[in-house]
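Step one of this worksheet: look at the structure below.
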Protein chains: 2
Amino acid sequence: MTRLNESVPASLTKARLPEIRARSFDCERDQLSPIENLLSRKQQSKLQAIATILDYQRGNSTIFSESEDAHFVYSVISGIVRISRHSEGGRRQVLAFMLPGDLFGLPDAGIYANTAETVCPASLYRVPWRQLRETMLSEPELQLNLLIRLAFDLRQAQRRIMILGQQNTLQKLASFLLDFVQYTDFYDVRNHRLTLPLTRFDLGDYLGIAPETVARAFAKLELAGLVRRNSPRHIEIPDVAALRQVVAGGRRQQRP
Amino acid sequence: MTRLNESVPASLTKARLPEIRARSFDCERDQLSPIENLLSRKQQSKLQAIATILDYQRGNSTIFSESEDAHFVYSVISGIVRISRHSEGGRRQVLAFMLPGDLFGLPDAGIYANTAETVCPASLYRVPWRQLRETMLSEPELQLNLLIRLAFDLRQAQRRIMILGQQNTLQKLASFLLDFVQYTDFYDVRNHRLTLPLTRFDLGDYLGIAPETVARAFAKLELAGLVRRNSPRHIEIPDVAALRQVVAGGRRQQRP
DNA sequence: CGTGTGATTGAAATGCTTCAATTATCGTGG
DNA sequence: CCACGATAATTGAAGCATTTCAATCACACG
């Protein structure tokens, strides 16, 4: 079962190509906030000239697996991609969810260090690493933008370290929800409704807690009136600012 | 109190300059293993031409603080630098310990995202970011090496996420010790003696656990015959392979 | 030689995981 | 479109791990 089974490479002659974006140096720090386009039109077209569009029709499709030979780098156009790695014991840790505009799949010694799978239907740019490498060498400005992008990803990873290192379950879940609220693809600001294409397993493996604990944390937040579960994957968040208060508190839960 | 108070910039005319190193694509993955020098002589000298050497005589000196304007990038020549960030509650999380050959201080929107402090006496290269940026644009190969370096740092951060997300106290401590054992600066292979210039507070903030818990974990490892505390900062590790077994086990402690 | 900081250990409280059972949800095929 | 089955989600209860508070001990440095 190769990873191309479920993908339908689309033509590059589409009228309006989605943008390949790099994060700006000037974006809000420590936020998954809307991203700016740092690439010039010329750089965009350079990238798109060597890119292929892949459409994954369903969730849980493998894009690539850890320890495979790495030939391509990817960028999310729409949907969500789950980046994960397995420990020796076989336990899965979700390292990140890649959202529209994100870049992933950089090779490590010619090999993928992580596994990438779709969480829901998704479309991606696929860029051959070899060509990207050559383009970067001939276009230093483009390369610098990718370097800045990578620096941003590093800070995101550091943010996750902060969260995993010093937040309790309730705060972890709140942090996660606050991240997703930034994306209008998933959060309807008017109705305060968040659509999570993730299971409690995904969430647990992302936050470093058991899926049961995730469910319990949702229950607690609901009891406190901070969220409302219309269904497991449709969450209403009436007051985002109140959720932020949960994160701001100490490690232990505040006494009433 | 500026950060230059304790530093003594040395002359650049030293006979043999320590190398500024970049990690190789081909180095062992997920290991703080000895690193290869990826930069050519020409690239080395380009960097060293714009670098200053700083010598910090003592530990706990601040190199830079989070939210300061960022003008320099640093590389460790000798010693250890602690990279940390504080949460809203003021709690400190140590994101990484920078060891000889490591690079740190990349600006985020012109500002340092983290705090960098010496853990013990240390000497560093200091490179003006503005000049480094220009050099990268005129030397794409050099830039690519720095990009690869950054990719390595990202994978290191991901490794920390794995550890924080799914290891218990004993495993976290064991993982940490195994990392440090790789560095001959701190581990004497002949006597199996590890010298840790870190306090239990540093360690706790790094592993996301209370310092008391660190002490207890050391006690457990000692009881199991896996380490021996000659003094709090002088640890004997008779059998490194046995320590690895601790990490390999499940999250819960194995029954006897 | 004293003092302050770091390290260790004890004991109680709390939070998280695990196992187990039940209920809800979603995708699929009839 | 509905019913079904598989999978996900929820909740309960017990056990264990970690934190916290507190007290003591060790050590380095002036």
Side-chain angles (χ1 to χ4, degrees), chain A residues 57-61 89 91-93 119-121 163-174 195-223 227-235 246 249-256, chain B residues 57-60 89 91-92 119-121 163-174 195-223 227-235 246 249-256:
Chain A
Q57 310 290 351
R58 27 189 22 216
N60 287 317
S61 305
R91 192 157 155 229
R92 182 184 75 165
Q93 173 73 43
V119 168
C120 53
I163 290 171
L164 292 177
Q166 49 183 37
Q167 292 188 175
N168 64 26
T169 297
L170 225 53
Q171 296 173 314
K172 284 178 181 176
L173 180 56
T195 304
L196 291 179
L198 316 167
T199 68
R200 299 290 189 255
F201 290 89
D202 286 332
L203 230 44
D205 289 348
Y206 181 60
L207 302 176
I209 54 185
E212 295 97 327
T213 311
V214 177
R216 274 185 257 269
F218 265 118
K220 258 191 200 166
L221 286 181
E222 190 162 40
L223 196 66
V227 308
R228 193 189 137 112
R229 287 173 288 183
N230 295 329
S231 87
R233 307 199 189 170
H234 293 90
I235 310 294
V246 173
R251 178 156 204 168
R252 287 291 169 120
Q253 210 169 329
Q254 289 105 312
R255 310 226 142 282
Chain B
Q57 311 290 351
R58 29 188 18 213
N60 286 318
R91 192 158 155 227
R92 182 183 74 166
V119 168
C120 53
I163 290 171
L164 291 177
Q166 49 184 37
Q167 293 188 175
N168 64 26
T169 297
L170 225 53
Q171 296 173 314
K172 284 178 181 175
L173 180 56
T195 304
L196 290 179
L198 316 166
T199 68
R200 299 291 187 254
F201 290 88
D202 287 332
L203 230 44
D205 289 348
Y206 181 60
L207 302 176
I209 55 185
E212 295 96 327
T213 311
V214 177
R216 274 185 257 269
F218 265 118
K220 257 192 202 168
L221 286 182
E222 189 161 41
L223 197 66
V227 308
R228 194 189 136 113
R229 287 173 290 182
N230 295 329
S231 88
R233 308 202 189 168
H234 293 90
I235 310 294
V246 173
R251 177 156 205 169
R252 287 294 169 117
Q253 211 168 329
Q254 290 105 312
R255 312 225 141 282

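Because only heavy atoms are used, hydrogens play no part in the values below, and waters and symmetry mates are left out as well, while side chains stay in. All chains are named by letter (A, B, ...) in the order of the sequence lines, taking the proteins before the strands, and each is independently numbered beginning at 1.
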message: Both B:Val214 and A:Ala210 contact DNA chain C. Which one's nearest nucleotide lies toward the 5' end?
response: B:Val214
task: Take the protein atom CD of A:Gln166 and the nucleotide atom C1' of C:dC16, then report the distance between them rounded to whole Å.
output: 18 Å
message: Can you give me the closest heavy-atom contact between B:Val214 and B:Arg200, atom names plus distance?
response: CG1-CD, 3.7 Å
field: Length of the CZ-P vector between B:Arg229 and D:dA26, whole Å
entry: 13 Å
query: How is A:Thr213 classified with respect to the nucleic acid when contacts are heavy atoms under 4.0 Å: base, sugar-phosphate, or nothing?
result: base
- prompt: Whole-Å distance between C:dT5 P and B:Asp202 CG?
  reply: 16 Å
statement: Separation of D:dA6 atom P from A:Phe201 atom CZ, nearest Å, is 16 Å
- prompt: Would you say A:Arg228 and A:Ile235 make side-chain contact, with heavy atoms under 4.5 Å?
  reply: no
message: Using a 4.0 Å heavy-atom cut-off, does B:Phe218 contact any base of the nucleic acid, only the sugar-phosphate backbone, or nothing at all?
response: nothing
query: Do A:Gln93 side-chain atoms and A:Asp205 backbone N/O form a donor-acceptor pair below 3.5 Å?
result: yes
task: Calculate the interatomic distance between A:Leu223 atom CG and D:dT10 atom P; express it in whole Å.
output: 14 Å
field: Phosphate-side-chain proximity, B:Arg200 and C:dT5, N/O vs OP1/OP2 below 4.0 Å
entry: no
- request: Can you see which heavy atom on B:Ala217 is nearest to which on B:Leu173, and at what distance?
  value: CB-CD2, 3.7 Å
field: Closest non-hydrogen atom pair, A:Lys172 against A:Leu207
entry: NZ-O, 3.1 Å
task: Starting at CZ of B:Arg233, measure out to OG1 of B:Thr195 and round the result to the nearest 0.5 Å.
output: 11.0 Å
message: Protein within reach of the bases, or only the backbone? For nucleotides 19-30 of chain C, mark each nucleotide 5' to 3' as B, S or -, using heavy atoms under 4.0 Å.
response: B-----S--S--
- prompt: Checking all strands, does B:Gly208 fall into the base, sugar-phosphate, or nothing category for heavy-atom contacts under 4.0 angstrom?
  reply: sugar-phosphate
message: Please report the distance, rounded to the nearest Å, between NZ in A:Lys220 and P in D:dG12.
response: 13 Å
field: Distance, rounded to the nearest Å, where B:Leu207 contributes CG and D:dA17 contributes P
entry: 18 Å
- prompt: Would you say B:Thr169 reaches D:dT18's phosphate, i.e. side-chain N/O to OP1/OP2 under 4.0 Å?
  reply: yes
- prompt: Taking all atoms of both residues into account, what is the closest heavy-atom pair of B:Leu196 and B:Phe218, and its distance?
  reply: CD1-CZ, 4.3 Å
Nearest-angstrom distance from the residue atom CD1 of A:Ile235 to C1' of D:dA8: 14 Å
- prompt: Which comes earlier along DNA chain D counting from the 5' end, the contact point of A:Ala215 or that of B:Gln167, where each point is its nearest nucleotide?
  reply: A:Ala215
